[in-house]
Amino acid sequence: MTYTLTTTVDLPWAETLDRTRDALSAQGFGILTEINIRSTFETKLGAEAADAVGDYVILGACNPALASRALAAEPEIGALLPCNVVVRRTKDAGVTTVEAIDPQTMVQLSDAPSVKEVADDAGTRLRKALTDLGNSASK
């Protein structure tokens, strides 16, 4: 089962991370949190664990209008909101991978029609952000 929307970008790590933030912003997503997994692993588990995971950041992206609609329809859906966008690259990789959970996973667990509408809208926006990100890398 595929549960993520994914693109690969042939740009340096830091540039991909910046462009990911920009692509999400262009689709109405703000970055509420940023978790640097590599840094956390290095601090808590050591350099070997950090090197094994490579460059890995989780962006907590939120589109407030979509989140508001989803929570109004079904307050419990907050646990499933498609907020995490991962930007990752292992040391041996030639490209950076950017992925987000497919909002349709929410629909599989909810019968609320308005949750499906939100998932469709969020999916369209996330796909556009990832497509634009991939296209910007080829310029």
Which residue is it: Arg89, Glu34, Arg21? I am looking for the one with a side-chain contact (heavy atoms from CB on, under 4.5 Å) to Val57.
Glu34
For Ser68 and Pro64, indicate whether the former's side chain and the latter's backbone hold a donor-acceptor pair under 3.5 Å.
no
Residues that Thr43 engages under side chain to side chain donor-acceptor pair (under 3.5 Å), provided they are two or more places apart
none
Within-4.5 Å side-chain heavy-atom neighbours: Thr6 and Leu130:
no
Heavy-atom nearest pair, Ala119 first then Val107, reads CB-CG2, 3.5 Å
Would the distance check show the side chain of Asp132 and the main-chain N or O of Ala23 forming a donor-acceptor pair, the cut-off being under 3.5 Å?
no
With sequence neighbours excluded, tell me which residues meet side chain to side chain donor-acceptor pair (under 3.5 Å) with Glu117.
none
State, to 0.1 Å, how close Ala61 and Val85 come at their nearest heavy-atom pair, and which atoms those are.
CB-CG2, 4.1 Å
Would you please name every residue forming a side chain to side chain donor-acceptor pair (under 3.5 Å) with Gln27, sequence neighbours left out?
none
For the CG atom of Leu45 and the OG1 atom of Thr40, what is their distance to the nearest 0.5 Å?
9.0 Å
Decide whether Ile35 and Val53 are clustered together by the hydrophobic rule: side chain heavy atoms of Ile, Leu, Val, Met, Phe, Trp, Tyr closer than 4.5 Å, transitively.
yes
Here the gap from Ile77 atom CD1 to Leu109 atom CG, rounded to the nearest 0.5 Å, amounts to 7.0 Å
So which heavy atom on Ala70 is nearest to which on Leu81, and how close?
CB-CD2, 3.9 Å
Atom CZ of Phe29 and atom CG of Asn63: how far apart are they, to the nearest 0.5 Å?
5.0 Å
Quick one: pull up CG in Asp18 and CH2 in Trp13 and give me the separation to the nearest 0.5 Å.
10.5 Å
Please evaluate residues Asp22 and Arg19 with respect to the criterion salt bridge (Lys or Arg N to Asp or Glu O under 4.0 Å), reporting the C-alpha separation (whole Å), side-chain torsions for both, the decisive distance (0.1 Å), and the verdict.
CA-CA 5 Å; Asp22 293 343; Arg19 287 190 184 199; over 6 Å; no
Out of curiosity, does Ile101 fall in the hydrophobic cluster containing Leu126 (side-chain heavy atoms, cut-off under 4.5 Å, transitive links)?
no
Do Ile31 and Leu133 land in one hydrophobic cluster if side-chain heavy atoms of ILVMFWY residues count as linked below 4.5 Å?
yes
What pair of heavy atoms forms the shortest contact from Cys62 to Leu32, and how long is it?
CB-CD1, 3.4 Å
Could you go through the salt bridge (Lys or Arg N to Asp or Glu O under 4.0 Å) check for Asp51 and Arg38 one step at a time?
CA-CA 7 Å; Asp51 289 343; Arg38 179 186 189 90; 2.8 Å; yes
Check whether any side-chain heavy atom of Leu66 sits under 4.5 Å from a side-chain heavy atom of Arg125, and report yes or no.
yes
Check: Asn36 and Asp55 side chains under 4.5 Å, non-hydrogen atoms:
no
If the test is side-chain contact (heavy atoms from CB on, under 4.5 Å), which one of Val98, Leu59, Leu11, Thr96 qualifies with Leu17?
Leu59
What distance do Thr16 atom OG1 and Asp10 atom CG have between them, rounded to the nearest 0.5 Å?
8.5 Å
How many angstroms lie between atom CG of Leu5 and atom NZ of Lys128, to the nearest 0.5 angstrom?
14.5 Å
How about Ile58 and Ile37: do any of their side-chain heavy atoms sit closer than 4.5 Å?
yes
